[in-house]
Asker: 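What follows is a structure written as structure tokens; I'll ask about it next.
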Amino acid sequence: MYPNNLEFNHDLLKNSDARCRLAAGAVFIMAVIQVSAFYLLLGVILVLFLALARDGKTVIRRMAHVNVFCLMLFVTIPLGGESMDRAALYTLRVNAAALAYMFFVIPMNMGVIASALLALKAPPKLAALLVLCYRYIFVLYERVFVALLAMRLRRPRQGTLAAWRSYTAVFSSALASAVLRSEKVSAAMRLRGFDGSFPVTTAFRWKAKDSLVLAAVTLISVLFIFLDAGLLWNR
């Protein structure tokens with residue numbers, strides 16, 4: 001859900017109801033993060049990647065960001081006492097969950113996701129918080145990007161330490177301005193009658209195909225759990 005960046009141009013579930021996609025994605029991800037069999041997780045990752053293959057470059061770039069955080073699991077092994085197998089298991093689970101999220105949820109826009117959450121009786125304030133956070137993350141991103149670009153174009157030659165001090169100043173000023181802006185936006189919204197929730201702005205039509213998709217995903221998720229239990233028992 002990056003505006004004009006890392007977007008998906010192909011969506012196998014584009015005609016499915018958004019409520020179905022959210023429910024199916026939640027069921028599938030909850031099942032995947034319970035799996036402990038390495039071969040099963042690798043198979044899930046491979047199948048999901050093949051399903052997203054038409055946007056392969058975008059998927060790889062997204063997964064690179066995901067695995068930067070997973071790399072910290074291996075870096076901190078000597079500090080936390082975790083085993084290499086445990087770190088690898090967490091990495092596979094995170095990758096499988098991220099790919100499932102890309103397949104089921106990310107191709108939808110945030111307005112549709114928020115409306116689907118409200119239609120599924122999720123807390124209205126949770127949906128509003130997601131919309132506002134989503135929007136403001138990119139406001140911050142744009143502010144930091146412009147500040148860093150201006151700094152590169154205008155600053156004289158600096159040593160490494162001075163450059164990092166400049167970066168610290170940029171990020172701290174961006175966070176300070178974000179706090180001030182959020183307070184102004186919050187006050188303006190309250191004065192205009194905002195009660196903490198957005199209205200549903202999308203009309204949904206549940207079709208027979210959506211029931212089949214949800215049933216199939218649920219069945220596959222249950223099958224994963226049983227296969228995982230069988231593989232572990234055979235060990």
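All values below come from the heavy atoms of this structure, side chains included, with hydrogens, waters and symmetry mates left out.
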Asker: For Asp210 and Arg21, run side-chain contact (heavy atoms from CB on, under 4.5 Å): C-alpha distance rounded to whole Å, both residues' side-chain angles, the deciding distance at 0.1 Å, then the answer.
Answerer: CA-CA 8 Å; Asp210 299 315; Arg21 297 180 66 145; over 6 Å; no

Asker: To the nearest 0.5 Å, what is the distance between CG (Leu22) and CE (Met108)?
Answerer: 4.0 Å

Asker: Determine, using the 4.5 Å side-chain heavy-atom cutoff (strictly less than), whether Val217 and Val35 are members of one ILVMFWY cluster.
Answerer: yes

Asker: List the steps and the verdict of side-chain contact (heavy atoms from CB on, under 4.5 Å) for Met63 and Leu99.
Answerer: CA-CA 8 Å; Met63 294 307 296; Leu99 287 169; 3.9 Å; yes

Asker: What closest approach, in Å, do Ile106 and Arg62 show between heavy atoms, and which atom pair accounts for it?
Answerer: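 Distance-wise, the nearest heavy atoms are CD1-NH1, 3.5 Å.
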
Asker: Rounded to the nearest 0.5 Å, what's the gap from CG on Leu223 to CG on Leu40? Could you check?
Answerer: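 Leu223 CG to Leu40 CG: 8.5 Å, rounded to 0.5 Å.
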
Asker: Would you list the pairs meeting salt bridge (charged side-chain N to carboxylate O under 4.0 Å, His left out) in which at least one residue belongs to residues 26-38, sequence neighbours left out?
Answerer: none

Asker: Does any non-hydrogen side-chain atom of Asn95 lie less than 4.5 Å from one of Tyr90?
Answerer: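 No. Closest side-chain heavy atoms not under 4.5 Å.
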
Asker: Taking only residues two or more places apart in sequence, or in another chain, which ones meet Phe28 in a ring pair (Phe, Tyr, Trp, His ring centres under 6.0 Å)?
Answerer: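 Phe28 satisfies ring pair (Phe, Tyr, Trp, His ring centres under 6.0 Å) with Phe104, Phe224 only.
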
Asker: Kindly work out whether a path of hydrophobic side-chain contacts (I/L/V/M/F/W/Y, heavy atoms less than 4.5 Å apart) joins Tyr134 to Leu129.
Answerer: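 No, Tyr134 and Leu129 fall in different hydrophobic clusters.
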
Asker: Taking the side chain as every heavy atom from C-beta outward, state whether Phe49 and Ile60 have any atom pair closer than 4.5 Å.
Answerer: yes

Asker: In the single-linkage hydrophobic clustering (I, L, V, M, F, W, Y; side-chain heavy atoms under 4.5 Å), do Leu46 and Leu92 co-cluster?
Answerer: no

Asker: Testing the basics here: between Ala87 and Leu73, what is the closest heavy-atom pair and its distance to 0.1 Å?
Answerer: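 Scanning both residues completely, I find the closest heavy atoms to be O-CD1, 4.0 Å.
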
Asker: State which residues pass salt bridge (charged side-chain N to carboxylate O under 4.0 Å, His left out) with Arg19; sequence neighbours excluded, sorted by chain then number.
Answerer: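 Checked Arg19 against salt bridge (charged side-chain N to carboxylate O under 4.0 Å, His left out); matches are Asp17.
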
Asker: To check you understand the geometry: which heavy-atom pair defines the closest contact between Ala96 and Leu41, and what is its length?
Answerer: CB-CD2, 4.5 Å

Asker: Can you name the closest pair of heavy atoms from Phe204 and Ala18 and give their distance?
Answerer: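 In this case the closest contact between Phe204 and Ala18 is CE2-CB, 3.5 Å.
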
Asker: Hey, any chance Val44 and Phe38 share a hydrophobic cluster, counting ILVMFWY side chains that come within less than 4.5 Å of each other, even indirectly?
Answerer: yes

Asker: Give a yes or no on whether the backbone of Ala37 and the side-chain of Asp228 come within a donor-acceptor separation of less than 3.5 Å.
Answerer: yes

Asker: Give the minimum heavy-atom separation between Lys209 and Asn15, together with the two atoms involved.
Answerer: NZ-CB, 3.4 Å

Asker: Would you compute the distance between atom CE of Met72 and atom OG1 of Thr91 and round it to the nearest 0.5 angstrom?
Answerer: 12.0 Å

Asker: Going from NZ on Lys207 to OG on Ser16, what distance comes out if it is rounded to the nearest 0.5 angstrom?
Answerer: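 Spacing of NZ (Lys207) from OG (Ser16) equals 8.0 Å.
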
Asker: State the CZ-CG distance between Phe198 and Leu130, to the nearest 0.5 angstrom.
Answerer: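 It comes to 10.5 Å.
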
Asker: Within the 4.5 Å heavy-atom criterion, are Leu13 and Pro107 side-chain neighbours or not?
Answerer: no

Asker: The criterion is side-chain hydrogen bond (donor to acceptor under 3.5 Å, both in side chains); which residues satisfy it with Ser186, sequence neighbours excluded?
Answerer: Arg190

Asker: Give me the atom names and distance for the closest heavy-atom approach of Asp11 to Phe103.
Answerer: OD1-O, 4.4 Å

Asker: Keeping to residues at least two apart or across chains, list the salt bridge (charged side-chain N to carboxylate O under 4.0 Å, His left out) pairs with something in residues 169-188.
Answerer: none

Asker: Before you tell me yes or no, could you show the steps for Ser221 and Ile225 under side-chain contact (heavy atoms from CB on, under 4.5 Å), namely the whole-Å CA-CA distance, both residues' side-chain angles and the distance that decides it to 0.1 Å?
Answerer: CA-CA 7 Å; Ser221 301; Ile225 295 174; 5.9 Å; no

Asker: Determine all donor-acceptor pairs shorter than 3.5 Å in which one atom belongs to a side chain in residues 111-122; sequence neighbours excluded.
Answerer:
from, atom 1, to, atom 2, distance (Å)
Ser115, OG, Gly111, O, 3.1
Ser115, OG, Thr201, N, 3.3
Ser115, OG, Thr201, OG1, 3.4

Asker: Hey, any chance Met30 and Tyr101 share a hydrophobic cluster, counting ILVMFWY side chains that come within less than 4.5 Å of each other, even indirectly?
Answerer: no

Asker: With rounding to the nearest 0.5 Å, note down the distance linking CG in Leu89 to CD1 in Ile33.
Answerer: 11.5 Å

Asker: Does a salt bridge link Asp55 with Arg61, judged by any charged N lying under 4.0 Å from a carboxylate O?
Answerer: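 No, Asp55 and Arg61 are not salt-bridged.
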
Asker: Which is it for Tyr39 and Leu227 under the side-chain contact (heavy atoms from CB on, under 4.5 Å) test, yes or no, and what are the steps along the way?
Answerer: CA-CA 11 Å; Tyr39 294 114; Leu227 284 174; over 6 Å; no

